[in-house]
Structures are given as structure tokens and as C-alpha cells.
Visitor: 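There's a structure below that I have some questions on.
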Number of protein chains: 2
Amino acid sequence: MSKVKSVLNPSRGELLDLLEEGLITRSLIVIFARCKVHYDGRAKSELGSGDRVVMVKPDGTFLVHQKEKREPVNWQPPGSFISFHVEDDSVVIRSLRKKPREILEVELEDVYMAAIFRAEDYEALALTGSEAEMLEMLFNNPELIEPGFRALAKEKDIGRGIVDLLGRDSGGNLVVVELKRRKADLHAVSQLKRYVEALRKENENVRGILVAPSITEGAKKLLEKEGLEFRAIKPPKREKRGWGRQTTLF
Amino acid sequence: MSKVKSVLNPSRGELLDLLEEGLITRSLIVIFARCKVHYDGRAKSELGSGDRVVMVKPDGTFLVHQKEKREPVNWQPPGSFISFHVEDDSVVIRSLRKKPREILEVELEDVYMAAIFRAEDYEALALTGSEAEMLEMLFNNPELIEPGFRALAKEKDIGRGIVDLLGRDSGGNLVVVELKRRKADLHAVSQLKRYVEALRKENENVRGILVAPSITEGAKKLLEKEGLEFRAIKPPKREKRGWGRQTTLF
DNA sequence: TTGTACATCTCGGGT
DNA sequence: ACCCGAGGTGTACAA
């Protein structure tokens, strides 16, 4: 059995057969078609007739892409249930999600191409430069925050949220560190402030430090007004070594 | 010229020809292939060999989808520049974004299908149930917040951010309203608190009201502790009437 | 360009 | 199931 089957300008019968085979074999399905799209769930939307790419993944993911933008114009997340039927002379693909209840319907008016793909993939993305790696770096090298800084805990749940990094400075003050892998904004300052204020209820001399590669003007002003601090640090990028399934060295 | 061209198991020459035609005619390109993916930019990633769907849109958007999840495993946003070349016996598609500088390379090891699609689409999504519509509703019907409430401004930029809705209550107090179209969380409370504190520097008796369909436990506790208020209101869903290009009535 | 906040955010991790 | 926060977030909008 081949990995891919495709039909150009399929008849209704060919289309239905291919869709059925795609679903049964848990293939990934791609359709080029003129269609309308109806969605109702957390919000509600209508999309008039036009040419789009429809993709259905074997995990239930449903995507409708227009010819522009990174984001699908309509979609359904993994775990949704797909079905199709004929209605008023056109094939309709329906995706149902329960909880929250959401329904997505694509009304295929003219199908230019339909294809199914039995994709085999056992690899996962190995990414570096994340906030998690930034945290690991600072936890292992606390002096990067400032001389004399000692790390106490990471990802610590205080009642008012989860603090990235908790430590003490050379003067014995409690220090809350909030990390951002990109330019810090007002949101980041509010977050740090929330943690600092929560800890100040039970501790004296609590400092708050926002660590990010840079900070917006507005955020900087708010930060200073609140007596909080900023340290410019960029997220580290690991080298290729040590990626993926790490082979034990002996 | 037809809307779609596709080739199954293309030879290198067929693939290169189709890619070139796709780029020149500003078509949307979809490829089913076993490939590796390399990314470097804001972060850095590697993805080992596996079967994926590659999509290139005429606006420069680049997507690599695995067989699961809603999100592409790698991508490049609109405005990126695409090119391709042959390297070590395989075809490589490269997408370059300047600012921030980011490069994405897909190394095609085995192409099962390639297709190009001259999509025509003049329709835009009409969506209802957004926060913007919630705001409009409350601005026009301020009594929904509470009896005697009068709206003063919406989307108002105070120094510390942009307030959703500003008004006065029956007692003449300034009221800041923060809207959320879904369950409000700690972030929402922090946001509201930031606005309230900024306004309290120049006004007395400032109230803060969080308006959302519901609220998380943690957020509720913080809200009450801070003397802020909550009103349960759901975002409205418009009916079909009045969607899309609204024709002037005379 | 920068700043700010929404999103049918999605996704993962924790409890 | 809920809660919480990151994300190469993307996207729109305003200054």
C-alpha cells in the first residue's frame, strides 16, 4: 500500500471513497477546494465561499487555511471527531468537539484535489533557547543574577502563582526572579509584582528582579516606580551536541 | 491554466519545475515528504527525519506540519523569503526572515507528492463572541455592569496600559472595568489591579470590576484580597443578520 | 517601529 | 478536571 493517494478534480464518489479510506487508515487528509466554513463553539463564525486548503490529521486536528497568514482561518483541536456526509448536492465535512462543545463544518463546493498521506514520524522537535533553559542556566549559575546570589527554588508555587526562581542575595534578602526569553513588557512586571507582594505578606525585605534580554519603555517605568529591578540576560542556545535522544556515554 | 497541478513521487527535475512554477505564479504549495528541518532565529531547533506536510503560502508563510497537533512543528511567518536549491543530492527549501533574522530549512529526503494551488479567495472571516463585541455591548448598555453605571471611555490608554472600559458608578466613583471573553485568571486580576493602582494616583475612590463569564479560584481569592469586584457576564453571539459586508440600508 | 493586549489562543505540567 | 504560565506565540491596532 502506497503512502499517498491523490485525485485531481474527483467525482463525488471518488471523493467520498478517498475520505473514507483516509479516515479508516488514519491517514492525514489534504483537500484543495472552494468551500464555505461554519463554526460554532467558544465563539461563532462564518466564512463565505473561496479557495482553501483543508487538512485533517489522524489525531482529530482540523485545519482550514486561506492563502495568507500563518494561522488557520478555522480549526478544531486534537481529539475532535470527524465525519462527512452529502448535503444539498455537496459534500460536508464535520468536526465535533465535546467539551467545550464545538462544531466545525466545511461545505465543499468544488474540490480541485484530495489526497491522503499515511505519514510515519517518530521524531520530536529539539529546541533550544527556551525560558526553561534560561532557568536551568541561572539556577546552576546564580552569580549570573548578581554576585552573592544563591538560588533556593525554581518553579515554586506560592499562593498567588508560580515563581520562576526564588533565592537570597548577599544581604540575606529574599529575591523573586521572573524570567522572560524575550523583551519584557507590562505584563511581565505585573506578574513579578504579584509574586513580590504575595511574599512580602510573610517576609520582610523582598526584592524582585525581572530578567530578560530587554524591556519595553512602559514596563521599565512601571518597574522602577515599583522599586523592582531589571537584569539584561539573553536565553542561551545550546550547541548541537546533547540534542535529541542522548546516548549514554558509557 | 488549471487551478491545481500535482505530481506523485516526482523526480528531482519534476519537483524543481513544479516548485519554480509555484513560486512564479504565487501559488500555494503543498508537499508530502520525508524530511529534516533546521531552524535558527529567536530560538533554534532541529527535527530529525520523518514524514510531514510542508506548506508554502504566496504571502511567504511557511508551515511544516507533523501528523499530530494543531500547531506546525516549524514555521516562518508571512513576509518571509523563500528559495530552494539542490544540496548533497536532496532538494532543500529555505525560508529567510529578516528582522528578526530567522532561517528555516527543510531538507527533502523523499518527496511523495507535490502540488501547487492557485487559490482565489476574497472572503474574510466574520466572527462573533469576541471581547470587542462584549465591550461594545457593555459600552452601549452600561447598566449591564450595574444599575447607575455610566460609561466614559473604552480602550483608554492610561500610562500603565490600556483600560477596556472606564466609567462612573451611581456614587460618582471612577470605575475601571476589565473584560475577559473566557474564564478570568490571575493574569486578568493583575491587569485590573495595575490599572486601578495607576488611576488611584490621581483619583480617589477608584473601583475595579472584572467582567468575565467565570473566574478561577486563585483569581477570585486575589481579587477579593485586593478589594476588587467580579461580575459574571458572557460574551454575546450575534445572529447571522448583519454579518459580512454590511449593505447600507438606503 | 514599538508598545500593548486579545486569542475559538495551543500546549505542557502540576495538583 | 482545573489551574497556571510559556510560546520562535501570531495578530490587530494605535502612537
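Chain identifiers are assigned alphabetically (A, B, ...) following the order of the sequence lines, protein sequences preceding nucleic acid strands; residue numbering begins at 1 within each chain.
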Visitor: Return yes if some donor-acceptor pair links the side-chain N/O of B:Arg200 with the main-chain N/O of B:Val206 below 3.5 Å, else return no.
Guide: yes
Visitor: Less than 4.0 angstrom between a side-chain N/O of A:Arg182 and OP1 or OP2 of D:dT9, yes or no?
Guide: yes
Visitor: Is there a side-chain polar atom (N or O) of A:Thr216 under 4.0 Å from OP1 or OP2 of C:dT4?
Guide: yes
Visitor: If you find the nucleotide of DNA chain D closest to A:Val163 and the one closest to A:Lys99, which residue's nucleotide is nearer the 5' end?
Guide: A:Lys99
Visitor: Could you check whether the rings of B:Phe117 and A:Phe32 sit parallel, tilted or perpendicular, using 30° and 60° as the cut-offs?
Guide: parallel
Visitor: Indicate whether OP1 or OP2 belonging to D:dG10 is found under 4.0 Å from a side-chain N or O atom of B:Trp75.
Guide: yes
Visitor: Any side-chain N or O of B:Tyr195 less than 4.0 Å from the OP1 or OP2 oxygen of C:dA5?
Guide: yes
Visitor: For C:dC9 and A:Arg42 - does any side-chain N or O of the residue sit under 4.0 Å from the phosphate oxygens OP1/OP2?
Guide: yes
Visitor: For a quick test of reading the model: is some side-chain N or O of A:Arg97 closer than 4.0 Å to OP1 or OP2 of C:dT8?
Guide: no
Visitor: When all nucleic acid strands are considered with a 4.0 Å heavy-atom cut-off, which category describes B:Arg194: base, sugar-phosphate, or nothing?
Guide: sugar-phosphate
Visitor: If you count heavy atoms of other groups shown closer than 6.0 angstrom to NZ of A:Lys156, is the number above 12?
Guide: no
Visitor: Would you please confirm or rule out a distance under 4.0 Å between OP1 or OP2 of D:dA12 and any side-chain N or O of A:Lys69?
Guide: yes
Visitor: Please tell me which of the listed nucleotides, D:dG8, C:dT8, D:dG7, lies nearest to the side chain of A:Leu127?
Guide: D:dG8
